[in-house]
Trainee: 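Take this structure first; my questions come after.
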Amino acid sequence: MIEYTATAEVKQGMAQAHDARAQVLRDALSWIFARRRAPASGYRVSRWTSARAS
């Protein structure tokens, strides 16, 4: 790890940036793995309909 001298403001800013990145990562993962419902249009078409029309 790189050693450096930082003021309290820099340390606080880095901590806030870390928290913001962590929140974005959590939001992205929850969006990716969220269970989504298919849009219910009310119209259902049988899968056999297109086979009979041919």
Side-chain angles (χ1 to χ4, degrees):
M1 185 163 175
I2 299 173
E3 296 287 331
Y4 65 95
T5 304
T7 63
E9 292 86 16
V10 171
K11 289 180 182 178
Q12 182 181 10
M14 290 179 69
Q16 288 176 347
H18 176 74
D19 292 340
R21 284 191 303 270
Q23 184 62 48
V24 168
L25 180 61
R26 282 192 296 271
D27 290 345
L29 290 175
S30 64
W31 180 79
I32 289 170
F33 293 109
R35 292 181 182 238
R36 293 184 184 87
R37 290 180 30 173
S41 63
Y43 296 103
R44 299 259 180 211
V45 178
S46 171
R47 64 184 176 139
W48 303 109
T49 304
S50 60
R52 291 183 194 160
S54 299

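Just so it is clear, the model here is predicted, and its values are computed rather than measured. Atom set for the values below is all heavy atoms of this structure, side chains included, hydrogens, waters and symmetry mates excluded.
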Trainee: Is it the case that Asp27 and Gln23 place a side-chain donor and acceptor less than 3.5 Å from each other?
Mentor: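 Their side chains do contain a donor-acceptor pair, which is all the 3.5 Å distance test asks for.
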Trainee: Grouping I, L, V, M, F, W and Y whenever their side-chain heavy atoms are under 4.5 Å apart, do Phe33 and Leu25 come out in a common cluster?
Mentor: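 In one cluster with Phe33: Leu25, yes.
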Trainee: Do Met14 and Val10 touch side chain to side chain, with heavy atoms closer than 4.5 Å?
Mentor: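 Result yes, sub-4.5 Å side-chain heavy-atom pair found.
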